[in-house]
Every structure is written in structure tokens, then in C-alpha cells.
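One structure below.
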Amino acid sequence: MKKLPDFVKWLIIAAVLAGMAALMVAVNDRASRVEMPMPDNSLGIYRTTPAAGN
């Protein structure tokens, strides 16, 4: 790494950051399409309030 020119080092850093950004966008896109199940209140951890309509 010591013998590489500075612009090559910055190019590698930019490529790694671009790859991480692409993966973040892909994960976010996939997660936004997953249907979330209704909360399971079998343990009774959720409180019901009059404001919630329950």
C-alpha cells in the first residue's frame, strides 16, 4: 500500500464506499417490500390505551 499513488488509494476508498452504498440501497429496497406481521401479544407486553381505540 505504501508504493501506491495517492489517487489510486482514493479510488479504492471511493469504490469500497460505492459498493457499501449499493448494498445499503439493495437491502433497504428488499426490506421495504417485506410485509410485517401483526404484533404478537401472547406475552401481554403491549398496553392498550383509549387513544389506540382498544
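Judged as a salt bridge (Lys or Arg N to Asp or Glu O under 4.0 Å), the pairs with a partner in residues 17-37 (not counting sequence neighbours) are, in order, D29-R33.
K9 pairs with exactly one of D6, L11, I12 by the side-chain contact (heavy atoms from CB on, under 4.5 Å) rule, that one being D6.
Applying the side chain to side chain contact (heavy atoms under 4.5 Å, CB included) criterion to D40, with sequence neighbours excluded, gives S42. The side chain to side chain contact (heavy atoms under 4.5 Å, CB included) check on P5 picks up F7, V8, with sequence neighbours excluded.
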